[in-house]
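Worksheet: one structure, shown below.
All residue numbers refer to positions in the sequence shown, counting from 1.
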Amino acid sequence: AHHPHPHLVSAHFLAMASSPSSEEKEGIPVAKFLTDIHKMSACGALIEVKAFYEMEGSDIAAKDKYGSTAVSWASRNGYLDIVQYLLNEKDADVESNGIGGLKPLHFAANGAHEEICSLLLEKGADPVSKDNAGNTPLHLAARKGVLSMVQLLVDNKGDPGARNKR
């Protein structure tokens with residue numbers, strides 16, 4: 001799942017990057033737009049994500065207003081290339097809690113993004129971690145009905161007997 005016009009996204013981000021931070025472009029404050037790594041990750045803008053993290057002072061652990069990190073957004077929306085970059089090149093935290101106690105593995109399991117789940121597990125994500133409702137990634141994968149995802153989580157020590165708060 002890639003952005004349908006990555007070259008348009010890149011041109012837009014790069015044009016804004018060269019503007020003074022006090023200006024607005026198309027009604028969007030440039031400084032806010034350029035620091036929204038979460039939106040870039042959620043949209044699959046790998047070139048911009050890389051450029052952002054090459055800037056001095058960028059924080060891989062930064063959370064948005066929902067408490068989610070860039071790796072959470074990329075995991076949620078199925079952008080394997082961004083998740084790989086964030087985990088392999090920037091050592092992103094696979095256990096960062098977001099809104100409702102959701103972690104990147106919860107987001108990936110809920111979206112049935114099997115390759116991302118596999119990578120997160122390989123990097124140490126906890127397959128039995130619970131969100132605020134007591135759901136594990138296995139609960140979310142089972143709810144989606146994707147047997148291969150359920151099997152992946154069970155094979156990686158996901159607990160089929162885990163109970164949520166319902």
[atom1] of [X] to [atom2] of [Y]: how many Å apart, nearest 0.5 Å?
{"X": "Asn110", "Y": "Arg143", "atom1": "CG", "atom2": "CZ", "answer": "7.5 Å"}
{"X": "Leu120", "Y": "His106", "atom1": "CG", "atom2": "NE2", "answer": "11.5 Å"}
{"X": "Asp81", "Y": "Leu46", "atom1": "CG", "atom2": "CG", "answer": "4.5 Å"}
{"X": "Asn156", "Y": "Cys117", "atom1": "CG", "atom2": "SG", "answer": "9.5 Å"}
{"X": "Cys43", "Y": "Asn77", "atom1": "SG", "atom2": "CG", "answer": "8.0 Å"}

Given side chain to side chain donor-acceptor pair (under 3.5 Å), test Lys123 with Asn88 step by step and report yes or no. CA-CA 9 Å; Lys123 294 292 186 175; Asn88 296 331; 2.8 Å; yes
Are Leu87 and Phe107 connected, step by step, through hydrophobic side chains (Ile, Leu, Val, Met, Phe, Trp, Tyr) whose heavy atoms are closer than 4.5 Å? no
Single-linkage hydrophobic cluster Tyr53~Val83, side-chain heavy atoms < 4.5 angstrom: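 Shared cluster, yes.
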Main-chain N/O of Asn135 paired to Asp131 side chain as donor or acceptor, under 3.5 Å: yes
Under a 4.5 Å cut-off applied to non-hydrogen side-chain atoms, are [X] and [Y] in contact?
{"X": "Asp126", "Y": "Leu105", "answer": "no"}
{"X": "Lys157", "Y": "Val128", "answer": "no"}
{"X": "Ile37", "Y": "Ile60", "answer": "no"}
{"X": "Asn164", "Y": "Lys130", "answer": "no"}
{"X": "Gln84", "Y": "Leu119", "answer": "yes"}
{"X": "Ser118", "Y": "Leu152", "answer": "yes"}
{"X": "Ser72", "Y": "Lys103", "answer": "no"}

Who else is in Ile99's hydrophobic cluster (ILVMFWY, side-chain heavy atoms under 4.5 Å, direct or via others)? Tyr66, Trp73
Hey, which of Val94, Leu86, Ile116 is the one that makes side-chain contact (heavy atoms from CB on, under 4.5 Å) with Val71?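 With Val71 as partner, Val94, Leu86, Ile116 yield a single side-chain contact (heavy atoms from CB on, under 4.5 Å), made by Leu86.
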Ignoring hydrogens, what is the shortest heavy-atom contact between [X] and [Y]? Give both atom names and the distance.
{"X": "Arg76", "Y": "His113", "result": "O-NE2, 3.1 Å"}
{"X": "Ser96", "Y": "Thr69", "result": "OG-OG1, 3.2 Å"}
{"X": "Ala141", "Y": "Met149", "result": "CB-CB, 4.0 Å"}
{"X": "Glu114", "Y": "Ser148", "result": "OE1-OG, 2.8 Å"}
{"X": "Pro127", "Y": "Leu121", "result": "CB-CD2, 3.9 Å"}
{"X": "Ala109", "Y": "Leu153", "result": "CB-CD1, 4.3 Å"}

Test Lys90 against Glu54 for salt bridge (charged side-chain N to carboxylate O under 4.0 Å, His left out), laying out the working first. CA-CA 10 Å; Lys90 296 298 174 184; Glu54 296 309 315; 3.6 Å; yes
Give a yes-or-no answer on whether the side chains of Ser41 and His38 include a donor-acceptor pair shorter than 3.5 Å.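 Side chains of Ser41 and His38: no pair found under 3.5 Å.
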Are there more than 12 heavy atoms of other residues, nucleotides or ligands under 6.0 Å from atom NZ of Lys50?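 No, not enclosed.
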Those residues that, when tested against Asp155, pass side chain to side chain contact (heavy atoms under 4.5 Å, CB included) (two or more places apart):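 Checked Asp155 against side chain to side chain contact (heavy atoms under 4.5 Å, CB included); matches are Gln151.
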Non-neighbouring partners of Glu115 that pass side chain to side chain donor-acceptor pair (under 3.5 Å), sequence neighbours left out: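 Checked Glu115 against side chain to side chain donor-acceptor pair (under 3.5 Å); zero matches.
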